[in-house]
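Computed from a predicted model, the values in this text were never measured in an experiment.
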Amino acid sequence: MRSEKPAYPVAVRRTVQRSFHDHTFDDHFEWLRDKNSDQVRAHLGLENEYAEAVTAHLQPLRERIYGEIKDRTQETDMSVPSRNGDWWYFARTVEGGAHQVFCRVPAVDSADTERAWTPPTVEPGVSLPGEETLLDANAASETHDFYALGSFSVSEDGTRLAWSEDTAGDERFTMYIKDLASGEMLTDRITQTSYGAFLTPDASELIYTVVDDAWRPWRVYRHVIGTPVSEDELIYQEDNPGLWLGVELSADKQWLMVASACSEYGEYRIRKVDAPRDPWLTVIPESDRVLYTAEPITVAGADYVLLTHDYAAPNSRVSLMPLSTAGSSIADVDLIDVIPASEQTRIEVCEPTATHLVVSLRSETTPRVRLIPRASLDGLVTGSFTTGSLTGTEPAFDEDLFTASVVSARYDNPVIRVSYTSFVTPPRVYDIPTGPVDDENLDEFGVGAPIMRRETTVLGGYNRSDYTVERDWAVAEDGTRIPISLVRRADFDASVPAPVVQYAYGSYEASTDPGFSISRLSLLDRGVAWVVAHVRGGGELGRSWYDDGKKFTKKNTFTDYVAVTRHLAQRQDVDAARIAVLGGSAGGLLVGAVLNLAPDLYCGALAAVPFVDPLTSMLMPELPLTALEWEEWGNPMEDPEVYEYMRSYSPYENLRDANYPPVLAVTSLNDTRVLYVEPAKWVAALREHAEHPETVLLRCEMAGGHGGASGRYSQWKDTAWEYAWLAEKLGVAG
């Protein structure tokens with residue numbers, strides 16, 4: 001007797017009307033927004049039960065994939081120690097522990113630079129002489145269903161530790177402070193903080209930010225350690241709802257810097273750390289609409305601000321601005337260019353150390369690091385050098401597609417730490433010696449050869465030569481060439497068309513750069529090709545690539561993706577009938593929009609925390625992040641054209657009767673970035689239009705945030721669940 005298949009949950013219709021700009025939208029599932037409603041929670045519970053029931057047959061495959069991830073991961077491991085002052089700091093992971101254990105050991109005091117700055121060798125499970133445990137996050141998480149760290153700050157003198165914890169997944173953190181000399185916890189507790197808190201250099205104060213009701217960081221406070229939190233001083237408040245507030249110390253730790261910014265412009269205010277009663281000094285006023293970062297710096301005995309900015313430079317340039325001109329319009333300031341504007345190179349950030357400028361940039365889609373000796377700046381100011389002579393140097397690597405990024409560039413340290421990875425190379429850590437340009441042990445730029453400190457261990461006999469990476473190009477509807485990265489096993493049979501997972505993000509100028517993934521090997525080893533579509537809206541090809549995929553050009557992101565799919569489908573080595581679409585958050589918006597454009601092109605769609613009801617969210621300024629997001633999407637409340645444009649691509653509002661492929665949407669109840677209600681509404685509505693509504697699934701993590709469940713084991717299980725589902729849709733579940 002055949003058992004009956006379970007019935008998918010059907011959300012009742014309760015029409016709520018949304019009216020703007022002479023248009024009324026009947027929203028039948030808006031009632032799902034009340035997450036405290038017993039009926040809403042019951043519905044989400046039914047969705048989880050249904051998803052588990054109809055995929056129960058995949059449980060053995062999930063267990064195999066989870067085992068593969070676990071078996072390839074060195075569970076008892078450690079990070080490369082990083083030196084700050086008299087200590088080496090590092091983190092251990094232990095088998096069975098979902099979180100890290102943060103530790104330190106004393107540094108060797110030696111005049112021999114190489115000896116003093118060579119990290120101690122840390123072995124899994126073996127304590128070093130003098131090792132101290134600063135924070136055991138495994139122990140701290142034991143009584144919580146969810147646990148995540150926010151800030152983690154050790155004072156410059158090593159006497160105190162401040163850190164924050166989120167135990168709900170809503171990214172509201174509680175601050176704690178520990179005396180490292182005695183090991184005692186201090187009584188200071190600060191609740192409802194945001195990211196980025198830090199101790200002042202003398203360890204007497206904590207600087208932290210808090211968010212408003214819309215989850216926007218908007219206030220910076222100064223807490224004197226040992227005093228009541230009620231007496232904390234508000235040192236700055238950003239009242240513009242469209243700006244995000246941040247605070248940090250300058251590279252030399254001499255200045256406190258508060259930045260108000262969005263994706264298009266910002267404003268820095270600075271003052272000396274040891275002069276808390278001095279007025280703030282504005283660097284470039286917000287009214288100039290310049291997007292920039294600032295670092296106070298001394299050059300040739302004079303005070304300047306090192307700017308990385310986009311004034312007359314869409315891809316940004318690096319300039320020196322006299323500190324005495326701070327507050328003036330940038331058009332009235334005689335800037336001295338360090339790195340001029342370029343159409344080929346995107347400058348992302350420039351950090352000073354005592355001897356160098358450390359530049360993070362992007363060229364030909366690839367993130368790189370450039371080192372420029374500060375001695376050259378003296379020549380710029382005095383006129384003995386020209387901008388064109390400041391070439392600097394970049395560490396050389398042996399792959400065409402890679403990601404090199406700065407891990408740390410502490411002001412007085414004689415090494416720059418850089419990370420390196422690619423689609424097939426596990427993350428590596430390099431230390432690059434730096435010093436005066438006349439140091440005979442260094443090159444003409446005052447830079448030594450990179451020293452590889454570690455490559456992440458991948459167990460099970462991993463060999464990067466077993467995999468291959470290819471750069472391909474598709475042509476978009478308007479003729480624009482779209483870069484594609486394709487990763488697969490090197491021993492593939494090109495005569496046998498392969499299934500494809502096609503991934504993209506395409507928003508906020510966030511680039512999908514080459515990076516290694518242990519979990520991805522489980523798909524690659526089953527014959528799947530992993531494809532990244534570097535669509536417009538990201539930042540792979542500079543600022544214009546981003547500008548051409550936001551606001552009134554947002555649809556380029558979706559049509560670019562479809563163009564990549566059609567290009568792949570024409571390749572002889574790709575099975576056009578087995579291409580799955582994958583994206584998360586704003587990439588989940590892409591998934592929903594693409595399915596409405598071309599549902600027939602895909603055999604499955606995985607949408608993680610998907611932003612699929614964007615217009616509704618952008619019409620609710622009381623929601624987390626909405627006002628900040630207007631710089632990305634436009635403001636549909638104020639502008640009827642924005643309203644109509646967003647309405648024309650919103651996945652939720654453009655569903656149609658069609659043969660949609662199987663869909664898996666995953667979300668978290670406590671996500672404050674993309675609320676669970678968006679995929680919940682989308683799934684309910686999608687089932688009303690899909691030919692096969694039973695193939696549309698929703699999984700909701702009931703104790704998680706934007707990144708899902710906390711802890712590496714829970715995350716591995718979630719990945720295995722999703723990959724097993726993908727594997728079945730791609731025909732490789734055997």
Is a salt bridge present between [X] and [Y], judged by a nitrogen-to-oxygen distance below 4.0 Å?
X	Y	answer
Lys550	Glu264	yes
Asp573	Arg571	yes
Arg699	Glu52	yes
Asp525	Arg72	yes
Arg471	Glu540	no
Glu30	Lys681	yes
Arg464	Glu399	yes

Q.
Does the plane of the ring in Tyr505 sit parallel, tilted or perpendicular to the ring in Tyr508? Use 30° and 60° as the thresholds.
A. tilted
Exactly one of Tyr467, Phe423, Trp530, Tyr462 clears ring pair (Phe, Tyr, Trp, His ring centres under 6.0 Å) with Phe516, and that residue is Tyr462
Show me the donor-acceptor pairs, under 3.5 Å and distance only, between side chains in residues 724-734 and residues at least two apart or in other chains.
from: Glu728; atom 1: OE2; to: His57; atom 2: NE2; distance (Å): 2.6

Could you measure the distance from the [atom1] atom of [X] to the [atom2] atom of [Y]? Nearest 0.5 Å is fine.
X	Y	atom1	atom2	value
Met618	Trp633	CE	CH2	8.0 Å
Met702	Ser668	CE	OG	10.0 Å
Asn654	Leu597	CG	CG	9.0 Å

*Start with the C-alpha distance between Arg536 and Glu509, add both sets of side-chain angles, then the distance that settles salt bridge (charged side-chain N to carboxylate O under 4.0 Å, His left out), and finish with yes or no.*
CA-CA 9 Å; Arg536 282 174 285 186; Glu509 202 180 356; over 6 Å; no
Test item: Leu698 and Leu44 side chains (from C-beta on) under 4.5 Å apart, heavy atoms:
yes
Is it true that, when you exclude [X] itself, more than 12 heavy atoms of the residues, nucleotides or ligands shown sit nearer than 6.0 Å to its [atom1]?
X	atom1	value
Asp213	CG	no
Arg489	CZ	yes
Glu644	CD	yes
Asp34	CG	yes
Glu470	CD	yes
Glu622	CD	yes
Glu477	CD	no

Does one side chain, of [X] or [Y], offer a donor that lies under 3.5 Å from an acceptor on the other?
X	Y	answer
Glu47	Tyr8	no
Tyr676	Asn670	no
Thr512	His534	no

Cation-pi check, Arg216 onto Trp244 ring (under 6.0 Å, within 45° of axis): no
Applied to residues 587-601, the salt bridge (charged side-chain N to carboxylate O under 4.0 Å, His left out) test, sequence neighbours excluded, yields none
Under the salt bridge (Lys or Arg N to Asp or Glu O under 4.0 Å) rule, collect the residues that match up with [X], sequence neighbours excluded.
X	value
Lys717	none
Glu348	Arg362
Asp547	Arg543
Glu63	none

Suppose we screen for side chain to side chain contact (heavy atoms under 4.5 Å, CB included). Which residues come up paired with [X], at least two apart in sequence or across chains?
X	result
Ala607	Val591, Pro610, Trp682
Thr468	Arg488, Ala490, Phe492
Pro621	Trp630, Met637
Thr366	Arg368, Phe402

task = Step through it carefully: locate the ring centre of His99, locate the ring centre of Tyr147, and say whether they are under 6.0 Å apart.
result = yes
Sequence neighbours excluded, the answer for ring-ring contact (aromatic ring centres under 6.0 Å, His included) partners of His21 is Tyr643
The complete set of ring pair (Phe, Tyr, Trp, His ring centres under 6.0 Å) pairs with one or both residues in residues 28-55, sequence neighbours excluded, reads none
